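Remember, predicted model here, so these are calculated numbers, not experimental data. Within every chain, numbering begins at 1; the chains are lettered A, B, ... in the order of the sequence lines, protein sequences first and strands thereafter.
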2 protein chains.
Amino acid sequence: MVHNDIQTLFAESLNELKLTEKQKAVLNASLKLFSEKGFDRTSTSDIAQLAGVSEGTVYKQFKTKEGILTAIIGPFIQQVMPKAATEFTNEVTHTSYPSFGEFLHAIIKDRMVFALNSMPQLRIILHEVITNQAIATGFSHLFENLIVGPLGQTLKHYQEEKQLVDWPLDRIIRYVATTVMGYVLPAALLHGSVDIEHASREATEFLLKGLKPA
Amino acid sequence: MVHNDIQTLFAESLNELKLTEKQKAVLNASLKLFSEKGFDRTSTSDIAQLAGVSEGTVYKQFKTKEGILTAIIGPFIQQVMPKAATEFTNEVTHTSYPSFGEFLHAIIKDRMVFALNSMPQLRIILHEVITNQAIATGFSHLFENLIVGPLGQTLKHYQEEKQLVDWPLDRIIRYVATTVMGYVLPAALLHGSVDIEHASREATEFLLKGLKPA
DNA sequence: TTTTAATGAGTAAGTCCTCACTCATTAGTA
DNA sequence: TACTAATGAGTGAGGACTTACTCATTAAAA
């Protein structure tokens with residue numbers, strides 16, 4: 001079983017930080033409001049009301065409003081995203097998928113499920129990444145780590161077996177990532193739904209052609 | 001010569017609306033601040049200061065702060081973007097490019113130049129599209145129009161000539177758009193630069209393989 | 001009782017927006 | 001031409017309101 005349940009992972013990372021019930025209530029309320037209205041259009045009194053606590057309690061748990069934001073997307077970026085990525089590629093490698101096509105389909109489906117399950121967090125990050133330079137650079141580091149990590153090793157293996165075109169890995173990952181985004185982003189912004197089964201098969205078909213060895 | 005100079009087109013649309021010098025100053029200041037700090041983190045006094053006018057003047061020209069926003073991205077979405085798209089495909093069609101590869105390369109290069117020249121506007125739209133449902137749906141209509149417009153006709157022609165895979169046009173356009181985005185977005189968010197010559201050739205190579213007829 | 005947790009009215013800073021007023025430019029008059 | 005009247009773009013102090021954040025008071029727990 002692949003670890004693509006982001007909510008479970010998110011909850012785990014919260015437990016690691018030993019959060020109280022009230023803190024979790026504040027965090028969950030903030031997650032909902034930030035992703036719906038954006039950080040700036042969400043007031044701390046809104047958060048307190050939805051969390052069912054007083055505004056004073058909010059500020060007992062978190063020093064500033066910005067602190068709530070980093071408490072949400074910080075662990076998500078630093079732990080959950082790379083964790084989900086590496087745990088995936090540790091289980092699903094060329095040993096379990098001798099065919100690159102099946103591997104590609106598995107990883108695309110996994111990433112689609114991941115993205116659609118963590119829409120609120122991704123919407124917040126999408127909002128912040130434009131104005132917050134630190135978050136943007138954090139993302140680029142994440143992609144660099146993907147290349148030198150288990151995913152990169154697996155892709156190299158398929159290249160050696162002549163199942164995958166001999167291009168630099170960052171180029172290959174770029175195409176896979178953007179193709180998946182092409183299916184997920186519109187649905188996320190228009191609040192639509194995605195037929196993951198159909199979308200992942202379409203995306204795989206296209207990428208397999210585009211990434212076939214010469 | 002292809003019409004990809006977005007600043008010229010933007011200026012034209014401003015002239016059509018017969019804006020005064022002060023109005024342009026307010027609009028330019030707002031464009032800069034909105035794209036750098038975001039709409040909510042930009043105050044009207046900030047705008048007035050950068051534009052070199054009083055806050056009262058700002059509100060003499062535009063009824064509300066929101067009005068400034070729509071004055072910037074409204075014409076951009078409704079006029080400039082489709083205009084730039086259709087004017088391109090009116091000049092650059094299968095008649096001037098018998099090879100689909102050359103056509104694809106031309107259109108990719110054009111879209112990259114367009115995107116990189118209109119970064120400020122696109123950053124604002126990216127910011128708004130998350131919270132503003134109307135803008136998001138406006139974009140989806142724009143894509144629908146692309147399919148039934150001259151671009152769709154041109155693509156159909158290449159399909160009949162067996163130079164392009166026989167997939168639905170929206171699927172093909174999705175892949176082209178996301179692949180271009182894959183090169184432009186990271187540069188935009190990290191404030192980096194793009195070697196358009198190199199990037200457009202890479203993107204074309206990949207898409208040509210992926211969109212080759214069976 | 002003593003200590004800790006929770007409250008929400010209060011605060012100061014900041015927001016968008018208004019409006020009574022100025023004054024350079026233009027139009028009208030003698 | 002010389003003087004007056006009319007105009008409206010431009011001003012900026014201030015109003016009405018919201019915000020993030022605090023702290024004296026109250027409630028709960030040990």
Side-chain angles (χ1 to χ4, degrees), chain A residues 14-15 17-74 120 123-125 127-128 130-132 134-135, chain B residues 14-74 124 127-128 130-132 134-135:
Chain A
L14 291 187
N15 287 337
L17 297 171
K18 285 165 192 163
L19 296 181
T20 65
E21 286 302 316
K22 303 250 165 181
Q23 272 176 319
K24 282 191 219 170
V26 171
L27 244 33
N28 280 329
S30 302
L31 176 63
K32 182 172 160 61
L33 292 171
F34 287 169
S35 92
E36 279 174 3
K37 310 198 293 176
F39 177 79
D40 291 302
R41 287 169 199 176
T42 300
S43 70
T44 50
S45 70
D46 284 341
I47 294 170
Q49 201 173 355
L50 186 63
V53 298
S54 70
E55 215 171 333
T57 304
V58 171
Y59 278 90
K60 185 145 265 168
Q61 312 290 355
F62 302 95
K63 276 236 289 277
T64 63
K65 187 188 171 191
E66 189 102 14
I68 302 174
L69 181 70
T70 56
I72 290 176
I73 62 173
R123 284 170 68 92
I124 296 172
I125 289 173
H127 222 168
E128 288 303 307
I130 301 168
T131 47
N132 195 330
I135 294 177
Chain B
L14 291 187
N15 286 336
E16 283 170 21
L17 297 169
K18 285 165 192 165
L19 297 181
T20 65
E21 285 302 314
K22 303 256 164 176
Q23 271 176 320
K24 282 192 222 168
V26 170
L27 244 33
N28 281 330
S30 302
L31 176 63
K32 182 172 160 62
L33 292 172
F34 287 167
S35 99
E36 279 174 3
K37 309 198 294 175
F39 178 78
D40 291 303
R41 287 170 200 176
T42 301
S43 72
T44 50
S45 70
D46 284 342
I47 295 170
Q49 204 172 354
L50 186 64
V53 299
S54 73
E55 215 172 334
T57 303
V58 172
Y59 278 92
K60 195 143 253 169
Q61 312 290 355
F62 301 95
K63 277 235 285 276
T64 62
K65 187 188 171 191
E66 190 100 15
I68 303 174
L69 182 69
T70 55
I72 290 175
I73 62 173
I124 295 173
H127 222 168
E128 288 303 306
I130 300 169
T131 47
N132 196 329
I135 294 178

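- No more than 12 heavy atoms of other residues, nucleotides or ligands lie within 6.0 Å of CD in A/Gln49, so this atom counts as exposed by the packing criterion.
- Between A/Asp40 atom CG and C/dC16 atom C1' the separation is 15 Å, expressed in whole Å.
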- Query: Does the pair A/Lys65 and A/Phe39 meet the rule for a side chain to side chain contact (heavy atoms under 4.5 Å, CB included), with working shown?
  - Reply: CA-CA 9 Å; A/Lys65 187 188 171 191; A/Phe39 177 79; 3.8 Å; yes
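- Checking C/dT7, C/dC17, D/dC21 against every side-chain atom of A/Thr44, the shortest atom distance belongs to D/dC21.
- Side-chain proximity of B/Ser54 to the nucleotides D/dT11, C/dC17, C/dT15 is greatest for D/dT11.
- In this entry the distance linking CG of A/Asp46 with P of D/dC21 reads 14 Å, nearest Å.
- The phosphate of D/dG10 (OP1 or OP2) has no side-chain N or O of B/Lys60 nearer than 4.0 angstrom.
- Atom pair B/Glu21:CD and D/dG8:C1' shows a separation of 18 Å (rounding to whole Å applied).
- With D/dG10, C/dT15, C/dA6 as the choices, the nucleotide that has an atom nearest any side-chain atom of B/Lys22 turns out to be D/dG10.
- Applying the 4.0 Å criterion to OP1 and OP2 of C/dT7, one finds that A/Thr57 has a side-chain N or O inside that range.
- Taking atom NZ of residue A/Lys63 and atom C1' of nucleotide D/dC23, one finds them 17 Å apart after rounding to whole Å.
- Between B/Tyr59 and C/dC17, a side-chain N or O to OP1/OP2 separation shorter than 4.0 Å is present.
- For the OP1/OP2 pair of D/dG10 and a distance below 4.0 Å, the side-chain nitrogens and oxygens of B/Gln61 include at least one atom meeting the criterion.
- For a distance-only test at 3.5 Å, the side chain of B/Glu55 fails to qualify as a donor-acceptor partner of the base of C/dC16.
- Contacts of B/Thr64 with the nucleic acid, taken as non-hydrogen atoms under 4.0 Å apart, involve only primed sugar atoms and P, OP1 or OP2.
- With B/Val26 as the partner, the side-chain contact (heavy atoms from CB on, under 4.5 Å) test is satisfied by one option alone out of B/Val53, B/Leu31, B/Thr57: B/Val53.
- With rounding to whole Å, A/Lys65 atom NZ is found 15 Å from D/dT18 atom P.
- When distances run from any side-chain atom of B/Val53 to the nucleotides D/dC21, C/dA6, D/dT11, the shortest one goes to D/dT11.
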